[in-house]
There are 2 protein chains.
Amino acid sequence: MTKRLASPRAASLATVAREAGVSVATVSRIVNGKTGRASVQTIARVNAAVVELGYQPNHVGRALRRRESRVVAMLAPNLDNPAMAAIAVSTEAALRAAGYVMILCDTHDRADLQDEYLRAMRSQFVQGYVLVSAVKSAALSDALARGEAIVFVSRRNPDGGGAYVGIDNRGAGADAADHLLARGIEDLAVIYPAQGSSSTAERVDGFIERLVARGVPTERIAQASAPGLSHLQVGYDAARALVDGAGGTWPRGLLCVSDLMAYGAYRLATEQGVAIPSECLVVGIDANPLNAWIAPWLTSVHIPYRDFGAKVVEQLSSLWSGTVPDDCLLPHSLDS
Amino acid sequence: MTKRLASPRAASLATVAREAGVSVATVSRIVNGKTGRASVQTIARVNAAVVELGYQPNHVGRALRRRESRVVAMLAPNLDNPAMAAIAVSTEAALRAAGYVMILCDTHDRADLQDEYLRAMRSQFVQGYVLVSAVKSAALSDALARGEAIVFVSRRNPDGGGAYVGIDNRGAGADAADHLLARGIEDLAVIYPAQGSSSTAERVDGFIERLVARGVPTERIAQASAPGLSHLQVGYDAARALVDGAGGTWPRGLLCVSDLMAYGAYRLATEQGVAIPSECLVVGIDANPLNAWIAPWLTSVHIPYRDFGAKVVEQLSSLWSGTVPDDCLLPHSLDS
DNA sequence: TTGATTTAGGCAAACGTTTGCCTAACTTGT
DNA sequence: ACAAGTTAGGCAAACGTTTGCCTAAATCAA
């Protein structure tokens, strides 16, 4: 027979304990699977009460007592970027599968917002942080010094060290170089954002190094960059700088360090009547799923963003168990 | 593999109280701005201690005591869709400005996942829910019956009623109709997903109603749909169904109820050598910012997703204060 | 002066969990 | 039969806040 509850309060350990005629401590132990401490009959009685009352452990009480929540905060610079969104989605799924919930914060790539979020999250007993393309900031250094569990994604710890999930950026740049050379293109250029993060810089380096190693004279590798946060605009501006710097002519092959930058460059090409890809083969990095539908002109290095989440959770688990994990580099690929 | 250092505890009310030589209660009142209860000197002393120790209120303790967190859960069907990501970003920003944090859950449009999330969130003392394109489910009905604060976005409450933020979908469809008619196009079609949500169905209805009202014979308005979750694929499949149903000829004007569907249709057109927009003017709905860069052929009804967040927070506030807010319809626009 | 009111702030009980410690009642070993 | 060990489970103290209630002292009214 079921009781009609006077208040809409959810069942607590106390409710269950009363119903089962045992103490709160016993119920707590049983629902937490500490088996050795109770008789079979008691366990059965408690479990019955749990089911009947629909008891669900209260995470707030638990967090207070254990001084830990099952919450992980992700700080990402801008979810407008489909690559970031993909990372967020896959991380959220992996965390949830591991029994965590994810709080998402958009830092807009601003150090002050990153600081504010880091501080705010601390008082939520957040258990770990996933920092996508983190920037250097005071609260970040503090958090690292305190030994918080922090996984860096896509961009390495600006203070050096720390757990990292990403790809071999140099390798990705090198692959792009090989791809272009394999098509007999030797009039090459690369564009990138002026506020260089470690990852974009590494892509550029890898690209140039490989070209040089394969005998392309340095002076035939044009470079240009542009400031700004929107990779779309940066791509447009950098491409303009590149072309203007070359007396109005486009290179035959162009590496853009992200797909969004490639979209920006494409717009300029369209405006200037340059045919892509026949006059200029554009290579991006990210392999946005939209490319197949509306940007078939773009060749792009595939990054397995959908696999990032699982790796991030692995690294967090390592940190929680007290070890410092090795960097995790996922495989990229450029289908030819 | 090195061991991490144990972190020193953050300052609590007790720490501050000891430092300032007052009781915990007094500190609590002061940090909460209950001014009438303390002398000016005490307030000054406490504030000094707060600053010195870098005290930040612990949200977990507060949540436990007040039986409310400052957490809102957003359940969204798929963040891969840029429109969803835009809603998530703007809601997160608006909530944070109002002092809340947002937990993000990706339901993949599945009722069972939506149920699981709703139940899991309850024991986190989540204060409100933002349900983007919610589907009918048991836990949703339960939550509504319990009187939880729930705001529906983009798709109305499947059980009817409830707070809603969205656009005038019929109006958007009608605007698309006007746009096409203004260009003298009368050979028209519309494609939409087979699993019709209220919003896409309304867009189709508004489109057709307006066309009929302006004298287009019903038999000249072709329709097609396709099943599936990915609007990209749905657009492709539906366009194929449409064209096949018309003996291989494309309409002169085509409304796709989302931009992603338009991308899908575009791919088919490209494959079939149909020139967009000269042979077929495609109109989408969403106005994805990428369009200007890589899909200039697409005309799209602009939806102010960036304004959704503020409205969502308004509606949540209404719910929290006990009133039932009116539906909030934001203005859409189609720049001609 | 006295009684009434205000001011300033402390006490302690929640909120829901977890866990070290304690204690009865058994079970063994000898 | 008695000491030693095991089992089953209760007690109560945290964790960090908030808040109703209480109490001194100070102020005020008459």
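Computed from heavy atoms alone, side chains included, the values below leave out hydrogens, waters and symmetry copies. A note on names: the letters A, B, ... follow the listed sequences, proteins ahead of strands, and every chain is numbered from 1.
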Original post:
Between residues 20-28 of chain A and DNA chain D, which residues have a heavy-atom gap below 4.0 Å?
Top reply: A:Val22, A:Ser23, A:Ala25, A:Thr26
Would you mind reading off the distance between [X] atom [atom1] and [N] atom [atom2], rounded to a whole angstrom?
X       : N      : atom1 : atom2 : value
B:Gln56 : D:dT17 : CD    : P     : 11 Å
A:Leu64 : D:dT18 : CG    : P     : 12 Å
A:His59 : D:dG16 : NE2   : P     : 20 Å
A:Leu13 : D:dA14 : CG    : P     : 20 Å
A:Glu68 : C:dT17 : CD    : C1'   : 12 Å
A:Arg45 : D:dG10 : CZ    : P     : 9 Å
A:Arg18 : D:dG10 : CZ    : P     : 14 Å
A:Arg37 : C:dT23 : CZ    : C1'   : 12 Å

Subject >> Helix axis bend for the helix from C:dT1-D:dA30 to C:dT30-D:dA1 - C1'-based end axes, five pairs, 10° rounding >> reply: 50°
So that I can tick it off, tell me whether [Y] and [X] are bridged by a salt bridge, with the cut-off set at under 4.0 angstrom between side-chain N and carboxylate O.
X        : Y        : answer
B:Arg156 : B:Asp327 : yes
A:Arg306 : B:Asp80  : yes
A:Arg110 : A:Asp115 : no

**OP:** Spell out yes or no: do the side chain of A:Arg65 and the base of C:dG16 have one donor N/O and one acceptor N/O closer than 3.5 Å?
**Re:** no
Original post:
Does any donor-acceptor pair link the side chain of A:Arg66 with the base of C:dG16 at a separation under 3.5 Å?
Top reply: no
State whether [X] places a side-chain N or O below 4.0 Å from either non-bridging phosphate oxygen (OP1 or OP2) of [N].
X       : N      : value
B:Asn58 : D:dC15 : no
A:Ser39 : D:dG9  : yes
A:Thr42 : D:dA8  : no
A:Arg62 : C:dT18 : yes
A:Arg9  : C:dC15 : yes

So does [Y] get a backbone contact from the side chain of [X], meaning a donor-acceptor N/O pair under 3.5 Å?
X        : Y        : value
B:Thr42  : B:Ala38  : no
B:Ser28  : B:Val24  : no
B:Gln315 : B:Tyr164 : yes
B:Thr323 : B:Pro325 : no

**OP:** Side-chain contact test, heavy atoms from C-beta onward, threshold under 4.5 Å: evaluate it for B:Leu95 versus B:Leu316 and give yes or no.
**Re:** yes
Original post:
Base, sugar-phosphate alone, or nothing: which one does B:Arg67 contact when heavy atoms must sit under 4.0 Å apart?
Top reply: sugar-phosphate
Subject >> Among D:dG20, D:dG10, C:dA8, the nucleotide that comes nearest once only the side chain of A:Arg29 is considered >> reply: D:dG10
Subject >> Step-by-step side chain to side chain donor-acceptor pair (under 3.5 Å) determination, A:Ser137 to A:Gln114 >> reply: CA-CA 8 Å; A:Ser137 81; A:Gln114 178 178 295; 3.1 Å; yes
Subject >> Heavy-atom pair of closest approach, residues A:Ala134 and A:Pro158 >> reply: O-CG, 4.2 Å
